[in-house]
Amino acid sequence: MSNITIISNEKNWMEHTAVTQLQGVADLPGAMQTVGLPDLHPGKSPVGMAVVTQGVIYPHIIGGDIGCGMGLYDTGLDGRKFKLERWVTKLNNIRELVDLPTVNPYNEPSPIYDLGTIGGGNHFAEFQVVDTSYDHTACHAIGLKDSQLLLLVHSGSRGYGQSILKRYQDCRGITGTEPIKSYLEEHDQAILWAERNREIVVVKLLDYLGYTPQAKKLIDCQHNFMEQKGDLYIHRKGAVSAERGPVVIPGSRGALTYIVQPAGNTAMSAFSLSHGAGRKWARSLCKSRIREKYDRDTIRQTKLKSRVVCHDTDLLFQEAPEAYKSIDSVIDILLQYELITVVATLRPVLTYKG
DNA sequence: ATGTCC
């Protein structure tokens with residue numbers, strides 16, 4: 001049994017099921033260090049965690065959406081000239097990004113079925129602006145500026161990653177140099193295409209909205225992936241690396257997104273950080289709990305005066321801000337454990353969901 | 001999470 005660290009405090013609600021699931025991961029043969037981050041919540045395998053194994057890998061911990069992550073882009077447009085109503089109308093006219101023409105700029109054919117789409121669930125594309133800058137030097141280094149319009153895309157490899165997992169999940173734990181190498185090669189392809197897909201979403205969206213895309217990638221960080229370090233393997237499920245520069249930690253669509261810089265204490269968190277606010281309510285419970293609070297239109301607006309374009313009203317209830325923990329408490333805990341410093345906060349202006 | 005059941 002490996003040692004377990006749960007990074008939390010008294011104010012942070014954590015579901016018992018998630019802790020039990022984390023214990024189950026820690027009990028797997030070869031598990032050396034198991035970490036629950038503040039956004040830990042139950043899943044098929046627990047989400048918001050990292051586990052370091054020796055000599056063995058567990059693809060089911062990473063799950064099917066290999067390479068899922070956050071791509072933050074500078075659109076090259078001025079946030080002050082942003083015409084909210086016009087863009088809401090235009091985006092309402094398309095069913096999904098699959099309706100828009102897709103150009104694959106790469107030599108290889110795409111293994112992702114609907115290249116340039118974001119998928120469902122908690123995936124989104126969100127226009128944002130800088131709300132508050134806390135570290136001007138770091139903002140400058142990243143390329144974050146006041147008044148610029150940003151686009152944050154949350155998506156992954158989806159069906160493609162799932163098809164990879166399907167071929168490896170029967171083995172509850174893969175050992176041996178060649179079998180591990182085989183999974184990692186396919187895994188790396190899923191990582192590559194998930195990142196390419198996020199960029200193509202950005203290009204398609206800006207093109208459709210009438211702008212010659214000159215988008216520039218500022219940060220791209222994945223939160224479902226495996227990292228090899230010699231004979232050690234860091235599995236991250238709903239957790240980002242703390243060793244690859246600044247990180248995007250989004251809140252719910254009704255909350256700020258944080259840009260953070262990893263700090264010096266991350267050995268205790270298996271060099272990992274939270275990937276978001278973390279789900280608080282099961283999807284199946286959301287609609288009955290907040291049905292009375294909203295109508296068709298008000299569920300498409302947020303406290304921060306931002307707007308949401310999505311044709312699936314049930315999904316909007318499942319992904320409502322109430323269904324998520326407070327991002328501020330997640331950030332407070334990461335600060336308390338000296339895992340991060342805060343660089344800036346971003347404010348959503350328009351969220352697009354599939 | 002899921003061309004939302006191979």
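Letters go in sequence order (proteins before strands), and every chain restarts at 1.
Atom CG in A:Leu315 sits about 13 Å away from atom C1' in B:dT2, given to the nearest Å. As a whole-Å value, the separation of A:Ile62 CD1 from B:dT2 C1' is 18 Å. For the pair A:Asp65 CG and B:dT4 C1', the interatomic distance rounds to 13 Å; values are reported in whole Å. Atom CD in A:Glu96 sits about 10 Å away from atom P in B:dT2, given to the nearest Å. Rounded to whole Å, atom C1' of B:dT4 lies 12 Å from atom NZ of A:Lys44. At whole-Å resolution of the value, CD in A:Glu319 and C1' in B:dT4 are 14 Å apart. Taking atom CZ of A:Arg167 as the reference point, atom C1' of B:dC6 lies 15 Å away to the nearest angstrom. Atom NZ in A:Lys353 sits about 14 Å away from atom C1' in B:dT4, given to the nearest Å.
No contact: A:Gly63 has no heavy atom under 4.0 Å from any strand. Heavy atoms of A:Gly121 sit under 4.0 angstrom from primed sugar atoms or phosphate atoms, though from no base atom. Residue A:Gly156 is out of contact with every strand shown, counting any heavy-atom pair closer than 4.0 Å.
In this model, no donor atom of one side chain and acceptor atom of the other lie less than 3.5 Å apart for A:Asp135 and A:Gln261.
Every residue two or more places apart in sequence or in another chain was checked for a ring-ring contact (aromatic ring centres under 6.0 Å, His included) with A:Tyr294, and none qualifies.
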Which donor-acceptor pairs under 3.5 Å do the side chains of residues 194-203 of chain A make with protein atoms, sequence neighbours left out?
| residue | atom | partner | partner atom | Å |
| --- | --- | --- | --- | --- |
| A:Glu195 | OE2 | A:Lys217 | NZ | 2.7 |
| A:Arg196 | NH1 | A:Glu108 | OE1 | 3.2 |
| A:Asn197 | OD1 | A:Gly116 | N | 2.6 |
| A:Asn197 | ND2 | A:Thr117 | O | 3.0 |
| A:Arg198 | NE | A:Asp220 | OD2 | 2.9 |
| A:Arg198 | NH1 | A:Gly67 | O | 3.1 |
| A:Arg198 | NH1 | A:Ser155 | O | 2.7 |
| A:Arg198 | NH2 | A:Asp220 | OD1 | 2.9 |
| A:Glu199 | OE1 | A:Tyr73 | OH | 3.3 |

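Aromatic ring centroids of A:His154 and A:His275 lie 6.0 Å or more apart.
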